[in-house]
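Letters A, B, ... are given to chains in the order of the sequence lines, protein chains preceding strands, and every chain is numbered from 1. Atom set for the values below is all heavy atoms of this structure, side chains included, hydrogens, waters and symmetry mates excluded. The structure displayed is predicted, hence computed values, not measured ones.
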Number of protein chains: 2
Amino acid sequence: MNQITKNDIEILQKTTLFLNMSEAEIREMLDCLNARKTTSLKNTMLLHYGDFCDSIGIVLHGTLHITREDFWGNSTLIAQCVPGDIFGETYAMSPNHIFEVNVTAITDSEILFLQLGKILSVCSTACTFHNRLIQNLLQAMASRNYLLSKKIEHITKRSTRDKLLSYLSNESRLAKSADFTIPLNRQQLADYLAVDRSAMSAELCRLRDEGILSFHKNEFHLYDVY
Amino acid sequence: MNQITKNDIEILQKTTLFLNMSEAEIREMLDCLNARKTTSLKNTMLLHYGDFCDSIGIVLHGTLHITREDFWGNSTLIAQCVPGDIFGETYAMSPNHIFEVNVTAITDSEILFLQLGKILSVCSTACTFHNRLIQNLLQAMASRNYLLSKKIEHITKRSTRDKLLSYLSNESRLAKSADFTIPLNRQQLADYLAVDRSAMSAELCRLRDEGILSFHKNEFHLYDVY
DNA sequence: CCTGATTTGTTGTAAATACAACAGAATTGT
DNA sequence: ACAATTCTGTTGTATTTACAACAAATCAGG
């Protein structure tokens, strides 16, 4: 079993799950959660489709790719996980605990696994932070849910134009202002909205020319016209 | 305060949250969760963007529409809720508890609200089913998460063809067979994949003609060709 | 069995999008 | 300051998709 370092703890302290807990508190929790720290070398698959999985993973170092293969064997990237990210909680919470994606380390990586069953049952040592942890886990899942719903909302729109307006409208709302800065560059935005970058770029300019919005780099402004 | 009827309990018993609990157990829980049953008349908005919301809703009767308005005031349907469905858990679990969508009763409806804070803190009466409820809530959120992720996976594909193959490939996997029946008709599938029905129908036939799959009504078969 | 309603497939056309290739702007590292 | 690299916008073309309108098939009820 690998030792959990002070550095690891610092990473955990930045995760939703252990936010604002002290090192001592976290170490107590890890004990209680039957934490296992594992290492995966570059380009090795650490979790496979069909694996039994009752634990959630937290990336400590490195980068993981979550992928899925279709009927014909074509692989698609679903998510990329970097230090601090949680993965597998959906499958760990599913009734049969069967993992339905592949997880591959694309660099040498360290991952911490926490046994979810231990989180759910009140632990015998009745550690003080148990409730906090449950609350944090629920919050993390709610937050993921929120992000997924938002993405679906944008991506479901039929045209590139409507996808852009849906996304920008939401960013404006977040900023509570018609002026706002988006955190994605053009390529990232195109990937997020599942459209072609150059076509999207052209559409943005059309929206600008029609006086619906204006932008300079990543700063946008929406005009209240109708 | 409206009375919770035996009929209401029967609906609750079919929800993920209270699955397999007895009437007595549920009534004890409801007390502990500060449950409020409310009535909404047809076409009234019962929750608004910006409302404070620390409770999750369960539909007992009627139909609700969850919608969102964009910057310019255009409204989009996000989800439809029918008896047994849970809603609002994402916002109830968010840090600031601010509701970001609108909920409208489109028929006369009855809704049960459960105060989420009560779920999270171990209740003073230490009711036996508290842990079960937390576990069920986590499972419900995981399950929603799973569905959202799946949808994103399909819908992110650039062409109608790839969306179809992604969806059908997954259904085949669920059925553990190259033969399977899908639970959606053509219009529903088109809506789910965010494409035009007739274009999708045409694409399905093209896939059939190319020998990639075959179908009869909602029964499909995928061919293992390359 | 018949009728009307619903679902599914078909086709042509207009519109939107992807794709490819490139030019200019901005950024980074030296 | 310069070169190399990345990012963004532009344009033309081929492809894909939406849309509309309709035909065929299927379904539901009387």
Take the protein atom CG of Asn185(A) and the nucleotide atom C1' of dT5(D), then report the distance between them rounded to whole Å. 14 Å
Please tell me if Arg186(A) has a side-chain N or O lying less than 4.0 Å from either OP1 or OP2 of dG9(D). yes
Round to the nearest Å and state the distance from Leu164(A) atom CG to dG9(D) atom P. 11 Å
Rounded distance in Å - CD (Glu219(B)) to P (dT8(C)): 13 Å
Round to the nearest Å and state the distance from Met200(A) atom CE to dA16(C) atom P. 18 Å
Do Ile56(A) and Leu17(A) make a side-chain contact, defined as non-hydrogen atoms from C-beta onward lying under 4.5 Å apart? yes
If you only use heavy atoms from C-beta on, which nucleotide in dA18(D), dA18(C), dT8(D) is closest to the side chain of Arg158(A)? dA18(D)
Counting only side-chain N and O atoms of Lys217(B), is one of them less than 4.0 Å from OP1 or OP2 of dT7(C)? no
Taking for Leu184(A) and for Val195(B) the nucleotide of DNA chain D with the nearest heavy atom, the one nearer the 5' end belongs to Leu184(A)
When you check the phosphate oxygens OP1 and OP2 of dT8(C), does a side-chain N or O of Ser201(B) lie under 4.0 Å from one of them? no
Under the criterion side chain to side chain donor-acceptor pair (under 3.5 Å), I'd like the reasoning laid out for His221(B) against Asp179(B): C-alpha separation, chi angles, the key distance, then a yes or no. CA-CA 4 Å; His221(B) 177 88; Asp179(B) 287 294; 2.9 Å; yes
Rounding to an integer number of Å, can you tell me how far Gln187(B) CD sits from dG9(C) C1'? 13 Å
Between dA18(D), dT17(C), dT11(C), which nucleotide gets closest to the side-chain atoms of Ala199(B)? dA18(D)
Students often get this wrong, so: under 4.0 angstrom with heavy atoms, is Ser159(B) touching a base, only sugar-phosphate, or nothing? sugar-phosphate
Would you say the side chain of Ser198(A) and the base of dA20(C) hold a donor-acceptor pair, judged only by whether the two atoms sit under 3.5 Å apart? yes
Cation-pi between Arg173(A) and Tyr49(B): NZ/CZ under 6.0 Å from ring centre and within 45° of the ring axis? yes
Both Asn218(B) and Arg206(A) contact DNA chain C. Which one's nearest nucleotide lies toward the 5' end? Asn218(B)
Give the rounded distance in Å between these two atoms: CD of Glu203(A) and C1' of dT17(C). 10 Å
Taking dA18(C), dT17(D), dG9(D) as options, the one with an atom nearest any side-chain atom of Arg197(A) is dG9(D)
Check the distance between dT17(C)'s C1' and Lys157(A)'s NZ and give it to me in whole angstrom. 18 Å
Expressed as a whole number of angstroms, how long is the span from Leu207(A):CG to dG9(D):C1'? 14 Å
Quick one about Lys150(B) and Tyr146(B) (side-chain donor to acceptor, distance below 3.5 Å, no hydrogens or angles considered), yes or no? yes
No-hydrogen, no-angle side-chain donor-acceptor test under 3.5 Å, Asp196(A) and Ser198(A): yes
Would you indicate what Asp196(A) reaches in the nucleic acid, counting non-hydrogen atoms under 4.0 angstrom: base, sugar-phosphate, or nothing? base
